[in-house]
Amino acid sequence: HVQLVESGGGLVQSGGSLTLSCAASGLTLNNYPIGWFRQAPGKGREGVGCITVNDGSTRYKDSVKGRFVISRDRAKNTVYLQMNNLKPEDTAVYYCAADQLVIPNFCPIADYEYGFWGQGTQVTVSS
């Protein structure tokens with residue numbers, strides 16, 4: 001049984017930082033591109049960024065570039081989303097997901113590309 005679990009969400013003031021973690025059971029995250037997504041109240045789910053399998057390169061949504069960083073700890077089979085200079089508009093439920101299709105040096109940001117999902121963790125940024 002595959003299970004992805006996000007953790008690290010919480011309440012933070014504008015300008016603050018949080019680091020989310022994505023861990024898995026029944027799946028080796030090191031072998032899959034991993035995406036981070038978010039869904040704000042009343043809005044659709046959007047891609048925040050992703051990290052490739054082989055070279056660890058990353059892609060980000062324009063609005064988070066320079067503020068968010070995705071990384072892997074292969075020894076811990078964990079993927080992180082470090083979020084800095086948070087803004088109220090970053091408030092959302094954040095999800096990690098694993099893409100079963102591995103393309104060298106590529107990771108998708110579209111949510112329909114991902115087959116395994118976590119349950120999400122709430123991030124609230126107060127102004």
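Fair warning: this is a prediction, and the values are worked out from it, not measured in the lab. FYI, side chains are in, hydrogens and waters are out, and symmetry mates aren't considered; it's all heavy atoms of this structure.
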Query raised in the report: Stepwise, does the side chain to side chain contact (heavy atoms under 4.5 Å, CB included) test hold for Val53 with Asn31?
Result: CA-CA 6 Å; Val53 172; Asn31 296 338; 5.5 Å; no

Query raised in the report: Are side-chain heavy atoms of Met83 and Leu20 found at a separation under 4.5 Å?
Result: yes

Requested in this report: Any chance you could measure Leu11, atom CG, to Thr91, atom OG1, to the nearest 0.5 Å?
Outcome: 8.5 Å

Query raised in the report: Got a second to check how far Ser21's OG is from Gln82's CD, nearest 0.5 Å?
Result: 11.0 Å

Report task. State, with a plain yes or no, whether a side-chain heavy atom of Ser71 is found less than 4.5 Å away from one of Val79. Result -> no

Requested in this report: Tell me whether Ile109 is reachable from Val102 by hopping between hydrophobic residues (I, L, V, M, F, W, Y) whose side-chain heavy atoms are closer than 4.5 Å.
Outcome: no

Report task. Mark yes or no for whether Tyr94, through its side chain, and Glu6, through its backbone, hold a donor-acceptor pair below 3.5 Å. Result -> no

**Report entry** Any side-chain heavy-atom pair of Asp90 and Val123 under 4.5 Å
**Finding:** no

Requested in this report: Indicate yes or no for a side-chain donor-acceptor contact from Arg72 to the backbone of Leu29 under 3.5 Å, with no hydrogens or angles considered.
Outcome: yes

Query raised in the report: Under 3.5 Å, is there a donor-acceptor pair between the side chain of Asn85 and the main chain of Arg67?
Result: no

Query raised in the report: Tell me the disulfide (SG to SG under 2.5 Å) pairs involving residues 16-72, sequence neighbours left out?
Result: Cys22-Cys96, Cys50-Cys107

Report task. Provide the full list of salt bridge (Lys or Arg N to Asp or Glu O under 4.0 Å) pairs with a residue in residues 16-27, sequence neighbours left out, each pair given once. Result -> none

Query - With sequence neighbours excluded, residues passing salt bridge (Lys or Arg N to Asp or Glu O under 4.0 Å) with Asp55 - result: none

Query raised in the report: For Asp73, what residues pass the side-chain contact (heavy atoms from CB on, under 4.5 Å) criterion, not counting sequence neighbours?
Result: Ala75, Lys76, Tyr80

Query raised in the report: Could you give the distance from OH (Tyr95) to CG (Leu81), rounded to the nearest 0.5 Å?
Result: 14.5 Å

Query raised in the report: What residues, two or more places apart in sequence or in another chain, satisfy salt bridge (Lys or Arg N to Asp or Glu O under 4.0 Å) together with Lys43?
Result: none

Report task. Quick one: do Phe106 and Arg59 satisfy side chain to side chain contact (heavy atoms under 4.5 Å, CB included)? Show the steps, please. Result -> CA-CA 9 Å; Phe106 177 76; Arg59 300 172 63 194; 3.4 Å; yes

**Report entry** Main-chain N/O of Gly9 paired with Thr121 side-chain donor or acceptor, under 3.5 Å
**Finding:** yes

Report summary line: For Glu46, the salt bridge (Lys or Arg N to Asp or Glu O under 4.0 Å) test, sequence neighbours excluded, returns Arg38, Lys61

Requested in this report: Could you tell me how the ring of Phe37 sits relative to the ring of Trp117: parallel (under 30°), tilted (30 to 60°) or perpendicular (over 60°)?
Outcome: tilted

Report summary line: Output for pair (Ser126 OG, Leu86 CG), nearest 0.5 Å, gives 10.0 Å

Query raised in the report: Is a side-chain donor or acceptor of Asn30 paired with a backbone partner of Arg74 at a separation under 3.5 angstrom?
Result: yes

Query raised in the report: Are Val93 and Val12 joined in one hydrophobic group, where the rule is that I, L, V, M, F, W and Y side chains link up if heavy atoms are under 4.5 Å apart?
Result: no

Requested in this report: In sequence, state the C-alpha distance, the side-chain angles, and the governing distance for Tyr60 and Ile70, and then conclude on side chain to side chain contact (heavy atoms under 4.5 Å, CB included).
Outcome: CA-CA 9 Å; Tyr60 299 95; Ile70 299 173; 3.7 Å; yes

Requested in this report: May I ask you to decide if Ile51's main-chain N or O and Thr58's side chain share a donor-acceptor pair within less than 3.5 Å?
Outcome: no

Requested in this report: Could you walk me through whether Asp62 and Lys65 pass the salt bridge (charged side-chain N to carboxylate O under 4.0 Å, His left out) test, one step at a time?
Outcome: CA-CA 5 Å; Asp62 284 347; Lys65 284 181 182 177; 3.0 Å; yes

Query raised in the report: Just by modelled atom types, is the Gln100 backbone N or O under 3.5 Å from a matching donor or acceptor in the Tyr114 side chain?
Result: no

Query raised in the report: Please walk me through it: do Asn77 and Thr28 pass side chain to side chain contact (heavy atoms under 4.5 Å, CB included)?
Result: CA-CA 7 Å; Asn77 193 34; Thr28 301; 3.8 Å; yes

